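This one's a predicted model, so the numbers in the text were calculated from it and none came from an experiment. Each chain gets a letter, A, B and so on, in the order the sequences are listed, and its residues count up from 1.
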Amino acid sequence: MSALLACLVLPLLGALAAVALPRRAVAAVLAGVVALTLVAAVGLAVAVHSGGVVRLALGGWSPPLGIALAADGLGAAFVLLTALVMAGVAAAARDEMTPQGAGPRAAFGFWPLMLLLWGALNAVFLSRDLFNLYVGIELLTLAAVALVAIGGRAEAIAAAMRYLIFALAGSLLYLAGVVLIYGAHGTLDIDLVAARDAAAPDGLALALMTAGLLVKTALFPFHVWLPPAHASAPAPASALLSALVPKASFVILLRLWFEAMPDLGTDRALLLLGVLGAAAILWGSLRALVQARLKLIVAYSTVAQLGYLFLVFPLAGGAAGAQPWTAGAWTGAIFQALSHGLAKAAMFLAAGLFMAAAGSDRLGALRGLARVMPMTAFAFALASVTLISLPPSGGFTAKYLLMTSSFAAGQWIWALVMTLGGLLTAGYLYRPMAALFAREGGEGVQTVARARQAVPLVLAGLAILLGILSAAPFDFLQIGRPEAAEEGP
Amino acid sequence: MAALSIYALTGAALVGLGFFGLLAARHLLRRVVAFNLIGSGLFLYFGAAATRGAAPDPVPQALIITGIVVALAASALAVALVVAQVRAAGRATLPEEEDAP
Amino acid sequence: MTAALGLALDAALCALILGVALAVVAGRGVFRAVVFFIVYGLLAAVAWVRLDAVNVALAEAAIGAGLTGVLLLAAHGRLRRAEAAQDLAHGMPWSAALAGGALAAALGWAWFEMPIPVEPGPELAEALPRAGVGNPVTAVLLNFRAWDTLLESIVLLAALIGVWMLAREGDWREPLGRPQHARPGGVMAGFGRVLPPVGLLVGVWLVWAGADHPGGAFQGGTVLAAVGLVAVLAGVIRPPWIGAPLWQGALVLGPAVFLLAGIAGAVLAGGFLTLPEGFAKPAIVTIEVALTVSIAVTLAFLVLGPPEAEGAG
Amino acid sequence: MADLATLLFTALGLVFFAAGTVGLIRFPDTFSRLHALTKADNLGLGFIALGVAFQAESWAQVARIALIWVLALLAAGAVAQLVARAALMRRGGA
C-alpha cells in the first residue's frame, strides 16, 4: 500500500516543489523524486508479484461513496514502464532543459510538467473510478499539451492547439458516457459497474466513452493531431508523449471493455475496433514511409504501432473471453504497449541527440552520423529491432503472441496485417538507418556528451530485454486479469 | 418529472449544439466557446438526472463543480493558445482548415 | 407557486437558454458569441437554482459565466485584428450538423430509457454525520471524493504552467499579463479601491459558509480572484513576475497542504486522505482555506495570461 | 400583507426594467442608451430588492439584500462610466 501511495504522491509533490522552490534547489529535489518514485514503482511491482492485487479505498470510504484504487498486473506494469521512461527522460533532459540550454521558459516549465504528467499517468493506471479517471486524463491532457507548446515556434503552437481541441472533444465524449452510467446505476466504480443490472443506455455509454478515448489514443482515423504534436515538441517531451500518453487512454479502454462492461462486447463492435487498428497499422506505416524528417517518421510510426494494441479487442474480447488463445492476445497487446513505450522513448531521445549534433532532423542532414555518434546510432538501431519485431526483442514477443492467437482464433487476417505492418516498418526505418550509417558525411557536427548518449541505449536495451525475459512478465500480467479472459493455456 | 425532462432535453440539445459548433466553427475562440457549451449542457443533463430520486443526490453536484473547474482550466489554456496562435501566425484559425477564399 | 406555473417558468427558461445557445454557436461575429455565452452562463445559473443545486449555481455563475467570460473577452480584445479572418465555415457543414444532431438525439433517447438508480443509498446517509461538515456537497468534495478535488486543484496548476509556456522568450522576466494603465483618480482606480474590501469579505464568507451552506473553496476563490483582478486593472496592485517566491508559494499552498494532509491521514488514521474522526472539521477547514488561497491566485494568474512586455504584440 | 407588498414592489421594479430595456433598444447612441439603462435598472433593482426584503426572515437578511443593491449600484455606475469613456474615445479617434 505504501508503494502504491508513493507512486501517486511523490511526482505530484515533486511538481509542486519544482514550481515553488528556487532553481538551485529544484535539481536536487528532482533527482530525489525520480529515484524514489522509481524505487516505489519497483516496490509496487514486487508487492503485486508476491501478494496479488494491491487495493486501497481512499479516505477510508469504500465505493460507491469513495474512490477505490487498485494495482493489478496491468496497472503495475504500466506504472513501472512510466517510471523507467521518466527516469530515462529525466537523465537525458538534465543538461538540455536548463536556462542556458533551452531558455528560462522551457527550463522552468519542463520539469513540473513532466512530473505532473507522471502523477497523472500513475493516477490513471491505478484508479478504479470512472469520474476520477476523467479528472486524471484531463490533468494528463493539459500537461501534455503544455509540453508540446514548450516548443514555442508557430508550428508547435498550432500543433498544441489542434491537440487540445481533439483531446477536449474526446474528454467530453468520455464524460457523457460517465454521466449515463452514473445516471442509470448510481455508481462510478468499475467493479460495481461490472456487477450492475444491465440498462438500455449502457451500450450508448460505452460507445461514447470509447469514441472519446479513441480520439485520445489517436487511433485511425482520429490520429491527425498526433504527428505534428509529437514532432514539434522538444525531443524529451516527444519521448514522454509518444511512449506514455496514448497508453493511458488505452488502459482505460481495456478496463472498460474487459472489466467494467465485458457483456457489451459484441462481435461487431470488437471487429470494428480491430479493423480500425489494422487500418492504423497500414496507414501510419505508409505515411511514415514518405516523411522527410526523422521526428515525423518516428511520430507516424507511433500511429502505426498503436494500431497493434487494438487487435486485442477482436482476439480477446467479448464471447471469445474464455477461449484458450485469449491470454496470449491480452498479454501480447500489453507487451506491445510496453516494448513500444521503451523503444519509442529511446528513438525520440536519439532523434533529439541527432538534432543537437546535426542541427536538423532532415534525413539528408543525418548522413554519416553513426561514425560520430556510434552509441546513439546503435540505440536507434536496437529500438528499430523492437519496432520491426525481430527476435529476441519485446516487440517480437508481442507480435508472436498476437499472431499465434490470431491463428488459433481462426482470424488469420490480423496475422496478415501484422506481417504487412512488419515489412512496412522495416521499410520506413530503413531510410533513416541508411542515412545514419552512410559512409560519407558526419563532418562538422557538434559533439554530444557520452553520458547523454547512454540513456537511449539503456531504454532500447530494456525493450530487447523484455523479449529475452518474457516468461516472468507474462505471468505478472495475468495477476488480476479480468475473469472474462482468464482461462488461458 | 416533466420539469426534469425539460432540463435534461435542453441539456442534450446544448451538447448537440456545442458539438456542432466545435466541429463547424473555424474561428478558434468560437470553438472554445462551443466546448464550454457542451460541458455546460452535459452538466445540466447530469443535474436533472441526479434530481430524479426522492432526495437530491449530492454526489453529481460535487462532480459537476469539479467538472466546471476542469473546464475552466482547459478553457484558460485554450484561450491562451488562441492568442499565441494569432500572434505567431496572424490568424485565429488552424492552418490547413481555412477554406479557399 | 402552482406546479403548472413552475413548469411554464421552466419551459420558458429552457427556451431562452436554447435561443441564446443558438446565438452563441451560429450568430454573426465572435464578439457576439462571447457576449451571448456570458448571458448563457447566467441563465444556466438560474436553471441550477431551479434544479435545487445552489452550490452548482454559484459555481456556474462565478466560474462558468464570470471567469470564463472575462477570459474570452480579454482574448477577444487582443484578437481584434484577426476578427476579419474567417469565422464560420462556408455553407452548411452538414457532417457537423449530423454529428451534433445524432449526439443530442442519442442523449435525449437515453434520458427516457435511463432507470432511476437506488436512492443515494444508505452509505451516504450513514456516512454524512461522520464527514465533519453539514453541506453534503462539501462533504463529497473534501472528504468522500477528496482525491478528485486534489487532482482538480492540480489541473488548475497544470493549466497555468501551460499558459506560461506561451510567453515569448524575451518576455519571461516581465510582470504577468499585459501592462495595465488605469488613469490615476479615474473611475476604475476609485472602483478598484472600494471593491476589494467588500469582495474580500464576500469571498471569505463563501468559503466559511461552504462547510454547512452552499459555497466553498472554488466559489470563494473565484470571487477573491475577481477582486484581485479588479485591483490589478485599477492599478492598486501590480501583477508579479514568474518566480516571485511569495506568489509561487501561494500557488502551490493548497495542493501541498491537501497532499500532506492526505499523507498525514495515511500515517495517523490508517489511510491516504483519511480524516480522523473528531478532527474532520478542522482538517477540512484548514484544507479549504489553503485551497482557496491557491485557487484565487491561480485563477487570477490564468486570466492575466503569460507575461508580456510593454508595447509588444 | 407582506406578500402584497412584495407583489407590488417587484411589479413596479419590473416596469422600470422594461422601460430601461426599451430605452436600450430604441435610443440612438451609446450615451442615451447608458442613461436609460443605468437610471431605470438601478431603480428597478431597488424596487425588486425592497419587494424581496418583505420576505426576509431576519434583519440580517434585509441587510444582505441591501448590500447586494449597493454593490450592483456601484458596479453599474463604474461600468457605465467606463463604457461612456470608451465610446467617447472611439468617437474622438474616429
Student: If we ignore angles and hydrogens, is there a donor and acceptor under 3.5 Å between the side chains of D197(A) and H185(A)?
Tutor: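 Side chains of D197(A) and H185(A): no pair found under 3.5 Å.
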
Student: Select, from L142(A), L16(A), V135(A), the one with the greatest count of heavy-atom pairs under 4.5 Å involving chain C.
Tutor: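 Counting heavy-atom pairs under 4.5 Å, the top option is L16(A).
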
Student: What part of L156(C) gets closer than 4.5 Å to chain A, counting heavy atoms only: side chain, backbone, both or neither?
Tutor: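 For L156(C), there is no contact with chain A at all, as no heavy atom is under 4.5 Å.
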
Student: For L147(A), is it the side chain, the backbone, both, or neither that has a heavy atom closer than 4.5 Å to a heavy atom of chain C?
Tutor: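 Neither part, no heavy atoms under 4.5 Å.
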
Student: Can you confirm whether T210(A) sits close enough to L173(A) that some side-chain heavy atom of one is under 4.5 Å from a side-chain heavy atom of the other?
Tutor: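 Heavy-atom side-chain distance check fails, nothing below 4.5 Å.
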
Student: Between P307(C), P306(C), P255(C), G249(C), who has the most heavy-atom pairs with chain A when the cutoff is under 4.5 Å?
Tutor: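 Top count of heavy-atom pairs under 4.5 Å with chain A: P255(C).
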
Student: Can you tell which of L56(A), L133(A), V193(A), D189(A) makes a side chain to side chain contact (heavy atoms under 4.5 Å, CB included) with R128(A)?
Tutor: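 Looking at L56(A), L133(A), V193(A), D189(A), the match for R128(A) under the side chain to side chain contact (heavy atoms under 4.5 Å, CB included) is D189(A).
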
Student: Check whether L21(A) gets within reach of chain C through its side chain, its backbone, both or neither, counting any heavy atom under 4.5 Å.
Tutor: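 Contact with chain C is absent: no heavy atom of L21(A) under 4.5 Å.
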
Student: For a 4.5 angstrom cut-off between non-hydrogen side-chain atoms, does M114(A) reach M97(A)?
Tutor: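 Answer no - side chains too far apart.
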
Student: Using the ring of each side chain (for Trp, its six-membered ring), is W225(A) parallel, tilted or perpendicular to Y163(A), with breaks at 30° and 60°?
Tutor: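 Answer is parallel, since the angle falls under 30°.
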
Student: So, the side chain of R105(A) versus the backbone of M165(C): is there a donor-acceptor pair under 3.5 Å, distance only?
Tutor: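 Yes, the answer is positive, given that a donor and an acceptor are paired below the 3.5 Å cut-off.
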
Student: How close do S294(C) and L251(C) get, heavy atom to heavy atom, and via which atoms?
Tutor: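 It is OG-O, 3.2 Å.
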
Student: Would you check if the side chain of T68(C) reaches a backbone N or O of I63(C) as a donor-acceptor pair within less than 3.5 Å?
Tutor: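 Checking the backbone N and O of I63(C) against the side chain of T68(C), a donor-acceptor pair under 3.5 Å is found.
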
Student: Pick whichever of Q248(C), E169(C), R145(C), E152(C) has the most heavy-atom pairs under 4.5 Å with chain A.
Tutor: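 Maximum pair count with chain A is reached by R145(C).
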
Student: Less than 4.5 Å to any heavy atom of chain C: does that hold for the side chain of L140(A), its backbone, both, or neither?
Tutor: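 For L140(A), no heavy atom lies under 4.5 Å from chain C.
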
Student: Does the side chain of L8(A) reach to within under 4.5 Å of the side chain of L69(A), using non-hydrogen atoms?
Tutor: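 Yes - at least one pair of side-chain heavy atoms lies under 4.5 Å apart.
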
Student: Heavy-atom cut-off 4.5 Å, strictly under: side chain, backbone, both or neither for L204(A) against chain C?
Tutor: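 The side chain, not the backbone.
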
Student: For side-chain contact (heavy atoms from CB on, under 4.5 Å), just list the numbers for I165(A) and R162(A), CA-CA rounded to whole Å, side-chain angles, deciding distance to a tenth of an Å, and then say yes or no.
Tutor: CA-CA 5 Å; I165(A) 289 176; R162(A) 189 184 306 272; 5.9 Å; no

Student: Given heavy-atom pairs under 4.5 angstrom as the criterion, report whether the side chain, backbone, both or neither of L151(C) touches chain A.
Tutor: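 Looking at L151(C), backbone and side chain both touch chain A.
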
Student: Counting heavy-atom pairs closer than 4.5 Å to chain A, which one of I242(C), I263(C), V155(C) comes out on top?
Tutor: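 Winner by heavy-atom pair count: V155(C).
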
Student: If you count heavy-atom pairs within less than 4.5 Å of chain A, which of G265(C), A106(C), G262(C) leads?
Tutor: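 Heavy-atom pairs under 4.5 Å are most numerous for A106(C).
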
Student: Does any backbone or side-chain atom of W111(C) lie under 4.5 Å from a heavy atom of chain A? Answer side chain, backbone, both or neither.
Tutor: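 It is neither, since no heavy atom gets under 4.5 Å.
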
Student: What part of A146(C) gets within 4.5 angstrom of chain A, counting heavy atoms only: side chain, backbone, both, or neither?
Tutor: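 Neither part; nothing is under 4.5 Å.
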
Student: Please determine, among A156(A), A106(A), A143(A), P104(A), the option with the most heavy-atom pairs under 4.5 Å with chain C.
Tutor: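 Highest number of pairs under 4.5 Å: P104(A).
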
Student: When you compare the side chain of W241(C) with that of L176(C), does any pair of heavy atoms fall below 4.5 Å?
Tutor: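 Not in contact.
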
Student: So what's closer than 4.5 Å to chain C heavy atoms on L208(A): side chain, backbone, both or neither?
Tutor: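 Only the side chain of L208(A) comes within 4.5 Å of chain C.
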
Student: What part of L164(A) gets within 4.5 angstrom of chain C, counting heavy atoms only: side chain, backbone, both, or neither?
Tutor: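 The answer is neither part of L164(A).
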
Student: Among the options V252(C), L273(C), D148(C), pick out the one with the most heavy-atom pairs lying under 4.5 Å from chain A.
Tutor: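 Highest number of heavy-atom pairs under 4.5 Å: D148(C).
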
Student: Sort P115(C) into side chain, backbone, both or neither according to what part of it lies under 4.5 angstrom from a heavy atom of chain A.
Tutor: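 Both parts, backbone and side chain.
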
Student: Is L253(C) close to chain A through its backbone or its side chain, or both, or neither, when contacts mean heavy atoms under 4.5 Å?
Tutor: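 No part of L253(C) comes within 4.5 Å of chain A.
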
Student: Between V19(A) and chain C, which part of the residue has a heavy atom less than 4.5 Å away: side chain, backbone, both or neither?
Tutor: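 Contact with chain C involves both backbone and side-chain atoms of V19(A).
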
Student: Heavy-atom distances under 4.5 Å only: say whether D129(A) touches chain C with side chain, backbone, both or neither.
Tutor: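 For D129(A), the contact with chain C is made by the side chain alone.
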
Student: Which answer fits L116(A), side chain, backbone, both or neither, if we ask what part of it has an atom under 4.5 Å from a heavy atom of chain C?
Tutor: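 It is the side chain, since no backbone atom gets that close.
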
Student: Hey, does F125(A) have a side-chain heavy atom less than 4.5 Å from the side chain of L121(A)?
Tutor: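 Touching, per the 4.5 Å side-chain cut-off.
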
Student: Are the side chains of L150(C) and W147(C) in contact, using a 4.5 Å heavy-atom criterion?
Tutor: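 A side-chain contact under 4.5 Å exists here.
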
